[in-house]
Chemist: 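The structure is given below, and queries will be raised subsequently.
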Protein chains: 2
Amino acid sequence: MAQFTKTEDELTPVVRERARSISLGDEKPSKPISVRDVAKLANVSVATVSMVLNDNPRISRATQMRVQRIIDQTGYRPNRLAQSLSSRYTQVLAVLLPALRHGFADAYFGELISGICDRAGKLGYKVILEQAKPEFIRSKGYIDIYERRYVDGMLCLGSNDRHHYLAEFSDHRYPMVVVDNYFSQWGLDFIVCDYASGAQQMMNYLLQLGHRKIGLIHAAQEIRTARDVTEVYQQKLQGVGVEPLKSWYQDGKFTEEGGAAAAAQLLEQEPRITAIFCTNDKMALGAIHYLNRQGVRIPQQISVVGFDDTRHAAFVNPSLTTVHLPLYEVGVLACERLIERVHGRTEKVAERLATHLVVRESTAMVPALQNEMELLAGR
Amino acid sequence: MAQFTKTEDELTPVVRERARSISLGDEKPSKPISVRDVAKLANVSVATVSMVLNDNPRISRATQMRVQRIIDQTGYRPNRLAQSLSSRYTQVLAVLLPALRHGFADAYFGELISGICDRAGKLGYKVILEQAKPEFIRSKGYIDIYERRYVDGMLCLGSNDRHHYLAEFSDHRYPMVVVDNYFSQWGLDFIVCDYASGAQQMMNYLLQLGHRKIGLIHAAQEIRTARDVTEVYQQKLQGVGVEPLKSWYQDGKFTEEGGAAAAAQLLEQEPRITAIFCTNDKMALGAIHYLNRQGVRIPQQISVVGFDDTRHAAFVNPSLTTVHLPLYEVGVLACERLIERVHGRTEKVAERLATHLVVRESTAMVPALQNEMELLAGR
DNA sequence: TCAATATGGTAAACTGTTTTAACGGTCGAG
DNA sequence: CTCGACCGTTAAAACAGTTTACCATATTGA
């Protein structure tokens, strides 16, 4: 305790000794250096060291340099637990994911998480992963992580209307941002892709190609954005005087398998369909897979389109016409806004990022129209 | 401070009052309940409460129930920062990922992470994500997370031989497990898939189908497991008297684009090739994509195989023959062993999980042999 | 019956920071 | 030549738990 003297003339040797014992890394894991050690070596109080660490302007240039030198020499690193305990900020964010079987192996969530992690890291935050398992919800784990001070805020991915527990965040007591979805009801913060606009672009394009009998492979109508797409599909068809039949809607469950099965249903129940609009790329992949092996030629006989523009979309055969979602950017922005909330932002967060159509090879003019055009061209 | 009396008869009313003020959730965020509050209400010392929390056997059934009742009534949740600070265990693990552009949107890493998170959650651990950016390495961020007490241990994914900093973990001072790779040099803990065995099964299968001119689309020879596969490929060919030419090896950079480009090179430089062995599924997808649009029929003209068995492998056209890697299980096991290390395990961790061949539709007998067989069959 | 050993609990020290109120010294103004 | 303001620094009080050493009783064994 009193092993370090405080007289000015003895400072240097003492420093050297401490520094050496550190750099040599003596086998005994000689308990790590603390603020107290640094304070002693620098002949200042621990308060001063703390202030240097948080570069508080109250510290004079001279003192700040003296302390910094000691910090560098000793390789002192403040204990984050102690810092968080006393400062009330953990510098950690949670990413809440739906509890899918092998949930992370998913391009959609992966892209969002990439954006989040990149930005969080840049702003000095760590990110913890949390899966919304039933038990987690039942035991209010989502509140626990705040109350037990694991995190300062949370980003909620893959949420849907049945997640009533999100209502508990409406008072903004616990900073939370809904990522790529939105709720009209609870006044929650959100960052979302403009699904409606994307769907409009896609429908306009398909209609322009002459398609009228368009099947829809959708999923999860409890997700607001998914409903947006479905609604646009319906409105646009009605806009050209077509009332989509019940059988044109098929649930693809957001998976490749589901997409394949839905395509099969569609073909069986409505053989005269000329295009299939899948509300995500995974289902489109499944549908294409099914059609290919049924010998249906894409896009000559049937056009197939997706939604998301995941990496794989470009590497199917034929490559997929789809709507590009700026998921990475959504992640980045959500992360940024969440941190602002943690730091006291009070204005509501609500942003809608633009989406755009990506035309590749899975779409073509409707076959009949194609023939007509060729006739007109005099062939 | 002395607002709570300790006489037995006054306990009940006091409890009720505290409990009500909590359940009503008064608007003022009346500072959260602490051990001290609980102790006072239960008429025991804070030490006792702490022991109940960590179910220390020294506490009698009666006391433990009395305290537990108060805990339940007040909804008290221990502050994890304080717990970690004084217990020296954070109950947090780090997952270190290579800094790929959009790294998480990858089926390979996703599968590993799924396994890790599932098991970590089950064992009461949280998982933080860390990207191995150059700056992170240069500043020894990987040591920082231990010293600053962010985590108890680390799982290292996507490592390779150029990651010399891993040598710093050879003394096992900081618990770390290499996931799905291994190093002969530094005595690090690891859990890995049996790549060599998988490659052998695949090569045996291809050779059995009569293939001799087999191209290899590989990548990242600085990864030990990747080299294992390449070596098996070479040995097996030599085993049947074939010396693979330099031009049979093509670098596919582990991506779809790379796979497509490599396939193009291969076809140009060695048109008589009858099979292509890709060392991961992504490159196989790229190769198939390229071959398809060149009009090459798979598997009639050329067989293509992959490695990994990611979800997409089953949904390409034709579906991909590949080697299944138990990545989820590797994640689970790595997580488990790491936690054992944290709790003092001293035996080295080194396990190799079995892999197996998955035959789908992208492979067939070598064309010439096929004809011969048909002739023999008298057709 | 008395020392020896469990049993159950407690007070105090400890974990490593940040923050706050106070303090001594210098300076300019009245 | 005081008085208040300001500046840089400090001691001490949080923060919210765990751990340790010790202290009463109660139970055993001889």
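In the text below, chain A, chain B and the rest are named by the order of the sequence lines, each starting its count at 1.
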Chemist: Can you check side-chain hydrogen bond (donor to acceptor under 3.5 Å, both in side chains) on Gln83(B) and Asn79(B), steps first, answer last?
Modeler: CA-CA 6 Å; Gln83(B) 289 188 308; Asn79(B) 180 319; over 6 Å; no
Chemist: Which atom names give the shortest non-hydrogen contact between Leu338(B) and Met176(B), and what distance separates them?
Modeler: CD1-N, 3.7 Å
Chemist: Taking N and O atoms by type only, does the side chain of Arg36(B) place a donor or acceptor under 3.5 Å from a partner on the base of dA16(D)?
Modeler: yes
Chemist: Assign Thr63(A) to base, sugar-phosphate, or nothing according to its heavy-atom contacts below 4.0 angstrom with the strands shown.
Modeler: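 Sugar-phosphate, backbone atoms only, no base.
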Chemist: Reckon Ile59(B) touches a base, only the sugar-phosphate, or nothing at all at heavy-atom distances under 4.0 Å?
Modeler: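 Answer is sugar-phosphate: Ile59(B) comes under 4.0 Å of backbone atoms only.
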Chemist: Could I get a table of every N or O pair under 3.5 Å where one atom is in the protein and the other is in nucleotides 23-27 of chain C?
Modeler:
none

Chemist: Under the side chain to side chain contact (heavy atoms under 4.5 Å, CB included) test, which residues partner Leu53(B), sequence neighbours left out?
Modeler: Ile71(B), Tyr76(B), Pro78(B)
Chemist: Remember a base hit wins even if backbone is also touched, and classify Tyr76(B) as base, sugar-phosphate or nothing at under 4.0 Å, heavy atoms.
Modeler: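 Sugar-phosphate contact only - Tyr76(B) comes under 4.0 Å of backbone atoms but never of a base.
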Chemist: Of all the nucleotides listed (dA11(C), dT10(D), dT18(C)), which has the minimum atom distance to the side chain of Ser45(B)?
Modeler: dA11(C)
Chemist: May I have the distance from Asn56(B) (atom CG) to dG17(D) (atom P), rounded to whole angstrom?
Modeler: 17 Å
Chemist: Respond yes when some side-chain nitrogen or oxygen of Ser34(A) is under 4.0 Å from OP1 or OP2 of dG16(C), and no when none is.
Modeler: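 Negative; the distance criterion is not met.
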Chemist: dA16(D) C1' sits how many Å from Asn79(B) CG, rounded?
Modeler: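 Whole-Å distance recorded here is 6 Å.
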Chemist: Can you name the atoms? Protein N/O to nucleotides 19-23 of chain D N/O, anything below 3.5 Å, with the distance.
Modeler:
{"unit_1": "dA21(D)", "atom_1": "N6", "unit_2": "Arg58(B)", "atom_2": "NH2", "d": "3.3"}

Chemist: Reading DNA chain C from 5' onward, which residue's closest nucleotide shows up sooner: Leu85(A) or Ala62(B)?
Modeler: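 Closest to the 5' end, via its nearest nucleotide, is Ala62(B).
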Chemist: To the nearest Å, how far apart are Asp37(A) CG and dC14(C) C1'?
Modeler: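 Interatomic distance, CG of Asp37(A) to C1' of dC14(C): 15 Å.
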Chemist: Assess, by modelled atom type and distance only, whether the side chains of Glu130(B) and Tyr142(B) contain a donor and an acceptor separated by less than 3.5 Å.
Modeler: no
Chemist: What's Arg88(A) touching, base or sugar-phosphate or nothing? Going by heavy atoms closer than 4.0 Å.
Modeler: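 Answer is sugar-phosphate: Arg88(A) comes under 4.0 Å of backbone atoms only.
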Chemist: Report the distance from atom CG of Leu81(A) to atom C1' of dT17(C), rounded to the nearest whole Å.
Modeler: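 It works out to 10 Å between those atoms.
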Chemist: For Leu81(B) and Leu85(A), which heavy atoms make the closest approach, and how far apart are they?
Modeler: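 Answer, listing the atom of Leu81(B) first, then Leu85(A): CD1-N, 3.9 Å.
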Chemist: Under a 4.0 Å threshold between the charged nitrogen and the carboxylate oxygen, would Asp189(A) count as salt-bridged to Arg337(A)?
Modeler: no
Chemist: Among Arg138(B), Lys133(B), Gln131(B), which residue satisfies the side chain to side chain donor-acceptor pair (under 3.5 Å) criterion with Glu135(B)?
Modeler: Arg138(B)
Chemist: Does a donor on one side chain sit under 3.5 Å from an acceptor on the other, for Asp152(B) and Tyr146(B)?
Modeler: no
Chemist: Check whether any side-chain heavy atom of Leu96(A) lies under 4.5 Å from a side-chain heavy atom of Leu157(A), and answer yes or no.
Modeler: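 Not in contact.
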